[in-house]
Amino acid sequence: MIERVYAGELSPEMDGEEVSIAGWVHEKRKLGGLLFLLIRDRSGMVQVTLPKKFVPAEVFELAKNVSKESVVVVRGRLQAMDKAPGGVEVIPSQIEVLSSAASPLPLDPTGKVPANLDTRLDHRVLDLRRPRVAAIFRIRARALKAAREHLTREGFIEVHTPRIISTASEGGTELFPISYFEREAFLAQSPQLYKQMLMGSGMDRVFEIATYFRAEEHDTIWHLNEVTAIDCELAFISSYEDVLRVIEGLIRAMIREVREHCAKELELLGVELKEPPERFPRLSYEEVLALLEEEANLKLPFGEDLTTEAEKKLGELMRRRGHELYFVTRFPLEAKPFYTMPAPDNPELSASFDLEFKGREIISGSQRIHDYDLLVQRIKAKGLRVESFSSYLEAFRYGMPPHGGFGMGIERFLMLLLDLPNIREAVLFPRDRHRLEP
RNA sequence: GCCCUGGUGGUGUAGCUCGGCCCAUCAUCCAGGACUGUCACUCCUGGGACUCGGGUUCAAAUCCCGACCAGGGCGCCA
């Protein structure tokens, strides 16, 4: 490894020490006999100061001519200096250019000139050099680490199910066809059916951090064609209420971790995170319809899923009551996929739920049907072909415990958590209707 | 799938309503020069653009048509 310290590790107490720093030339300011370079690495920035009279002539020339965003290693003496940003500066004895950046840059990493999201995504590597952008992905990593640790502590086993599948897992959403040797196959739209099959295996509790592929031609700030989700499934539940408790614990663990370990990143993004309550409110679908009619003058027909307008209005009503996170439960059975358990007290309704965050759906889940005959009946009722589900159905013939679970969109969670204006901000290299590169 | 909006230097923009005063504005950027405490350094000189094709007109960045590209809303959903 090239020996170096991070900019963030330098402090005025190290005055006089010889140091090496490595990073990108963020900015360059020439004042005749005095030259400043700002060097950026993943920890932050440090100023390199070159007084013409006190540094070697060839070092001064090199620094004067190095292009912005070139990668350099700077060796020199660290000096405490009030006038320098961060209170320290490096007086170099040697500068090595490891990689010279071409010019002009397609994007300005200092952010002085704004760029459209589309331009930024076209040049995502340069975009990610902006500390504000990088902060999103540090938070993402931290939130996922917390999710893994929390679920593992709660007895969940992390699994990986196939991304290549032979047929539709749920019907509904469009699938991407791929060529699988002499056959046609598809990219998985969700791990749903495999998670359930594992409930028959005796694993009891599983989770997967899974990629979903959806071939829908949606074109919004809220949809992607490749998304990542935290998928959980747990067996021997008494009702979907057991699943809701897992979700509350998970969300709380993720937010707590980010609050505790990402203060700097949150500050860069200008976000203040509130500690979520231990229990999130539960509103049934029927209560939501009544509430919207009474308080938002919005009448929805029974039987359909909530419209985007209804969701947003509900979010506004709940915000005024002090709630950002809440469950909507007991959706009409017909609006839900075939594997959804009917409500025990009303065959029109289902044992299902969504978690809403600031007026948007980030989690969808339910208790699942574990009875073979009922499952077959529901597949037929949805107009699907029972034969396509034979390997899935087999898991229900030889002992399947009651179970339920959910899927949580990570990008959606991050978008709402950090108030990002577009879901693409929460993915390194997003895939949408038009974008396949980079 | 349906609907709406937009495309001007590398980047972000002004100009378009009401065609001519536009061999196109400003900032950043790039090149050269002056400057020893900058921190969006400052100042001087120079460089760089009307998405493409067709039409209307004496005259098109500006009006019309088409294509391509992009942004957004709805539906669907994570």
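A note on names: the letters A, B, ... follow the listed sequences, proteins ahead of strands, and every chain is numbered from 1. Small disclaimer: the values here were computed from a predicted structure and weren't measured.
Nucleotides B:G48 and B:U8 have their C1' atoms positioned 13 Å apart, rounded to a whole Å. The C1' atoms of B:G32 and B:C16 are separated by 37 Å, rounded to the nearest whole Å. With C1' as the reference atom, B:A67 and B:G15 are 26 Å apart, rounded to whole Å. Using atom C1' as the reference point in both B:U45 and B:C35, the two lie 16 Å apart (nearest Å). For B:A60 and B:G19, the P atoms lie 13 Å apart once the distance is rounded to whole Å. The separation of B:G9 from B:C30, taken at their C1' atoms, amounts to 11 Å, rounded to a whole angstrom. Of the C1' atoms belonging to B:G20 and B:C39, the separation is 47 Å, rounded to the nearest Å. Spacing of P atoms, B:G47 relative to B:C68, comes out at 38 Å, to the nearest Å.
Checked against B:G37, B:G71, B:C30, the side chain of A:D118 finds its nearest nucleotide in B:G71. Taking every side-chain heavy atom of A:P85 into account, B:U38 is the closest of B:A78, B:U38, B:C77. Listed nucleotides B:C35, B:G71, B:C77 differ in distance to A:E311; the shortest reach to its side chain belongs to B:C77. With B:G75, B:A78, B:U36 as the choices, the nucleotide that has an atom nearest any side-chain atom of A:I423 turns out to be B:A78. When distances run from any side-chain atom of A:Q47 to the nucleotides B:U36, B:U38, B:C77, the shortest one goes to B:U38. Closest contact between the side chain of A:A84 and the listed nucleotides B:A78, B:G37, B:G72 involves B:G37. When the nucleotides B:U36, B:A78, B:U38 are ranked by their closest atom to the side chain of A:K53, B:U36 comes out on top. Considering only side-chain atoms of A:T220, the nucleotide from B:G37, B:C74, B:A78 that sits closest is B:C74. In the set B:A40, B:A78, B:U38, B:A40 carries the atom at the smallest distance from any side-chain atom of A:E27.
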_I'd like to compare against my own output: the B/S/- annotation of nucleotides 46-51 of chain B with a strict under-4.0 Å heavy-atom distance to protein._
------
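The nearest heavy atom of RNA chain B to A:K83 and to A:K312 marks one nucleotide each, and the one closer to the 5' end goes with A:K83. Comparing A:L306 and A:D82 along RNA chain B, the residue whose closest nucleotide (by nearest heavy atom) sits nearer the 5' end is A:D82.
Between A:K112 and B:A27 there is no side-chain polar atom (N or O) within less than 4.0 angstrom of OP1 or OP2. Under 4.0 angstrom from either OP1 or OP2 of B:A70 there lies at least one side-chain N or O belonging to A:H434. The side chain of A:N225 places no N or O atom within less than 4.0 Å of a non-bridging phosphate oxygen (OP1 or OP2) of B:A78. The side chain of A:T308 places an N or O atom within less than 4.0 Å of a non-bridging phosphate oxygen (OP1 or OP2) of B:G75.
Heavy atoms of A:I221 sit under 4.0 angstrom from primed sugar atoms or phosphate atoms, though from no base atom. Within 4.0 Å (heavy atoms only), A:G409 reaches sugar-phosphate atoms of the nucleic acid but no base atom. Contacts of A:I410 with the nucleic acid, taken as non-hydrogen atoms under 4.0 Å apart, are absent. In this structure, A:T307 reaches the sugar-phosphate backbone alone: every heavy-atom distance under 4.0 Å involves primed, P, OP1 or OP2 atoms, never a base.
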When you compare the protein's N or O atoms with those of nucleotides 31-34 of chain B, which come within less than 3.5 Å of each other, and at what distance?
none

Can you tabulate the close N/O pairs, meaning under 3.5 Å, that link protein atoms to atoms of nucleotides 8-12 of chain B?
unit_1, atom_1, unit_2, atom_2, d
B:G10, O2', A:L105, O, 3.4
B:U11, O2', A:P114, O, 3.1
B:G12, OP1, A:N116, N, 3.1
B:G12, OP1, A:N116, ND2, 3.3
B:G12, OP1, A:T119, OG1, 2.7
B:G12, O4', A:P114, O, 2.8

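Salt bridge A:R279/A:E241: present, at least one basic N to carboxylate O contact under 4.0 Å.
If you take CZ of A:F176 and C1' of B:C76, they are 14 Å apart, rounded to a whole angstrom. Rounded to an integer number of Å, the gap from CG of A:L37 to C1' of B:G37 is 14 Å. Atom pair A:E217:CD and B:C74:C1' shows a separation of 15 Å (rounding to whole Å applied). As a whole-Å value, the separation of A:I247 CD1 from B:A78 P is 12 Å. Taking atom CZ on A:R433 and atom C1' on B:C3, their separation rounds to 16 Å, with Å as the unit. In this structure, A:E89 atom CD and B:U36 atom P are separated by 16 Å, rounded to whole Å. Separating the CG atom of A:N422 from the C1' atom of B:G71 is a distance of 10 Å, rounded to the nearest angstrom. Counting to the nearest Å, the C1' atom of B:G72 and the NE2 atom of A:H218 are 15 Å from each other.
Not one N or O on the side chain of A:E425 forms a donor-acceptor pair closer than 3.5 Å with the backbone of A:M415.
No more than 12 heavy-atom neighbours from other residues, nucleotides or ligands sit within 6.0 angstrom of CD on A:E348. Heavy-atom neighbours of A:F302 CZ from other residues, nucleotides or ligands within 6.0 Å: above the threshold of 12.
Outside the 6.0 Å centre-distance limit, the rings of A:F186 and A:F213 are not counted as a close aromatic pair. Annotation: A:F338 is in aromatic contact with A:F389 [ring centroid separation under 6.0 Å].
Applying the 3.5 Å distance criterion, the base of B:C77 shares a donor-acceptor pair with the side chain of A:R412.
Taken to the nearest 0.5 Å, the CG atom of A:L224 stands 8.5 Å off from the CZ atom of A:R412.
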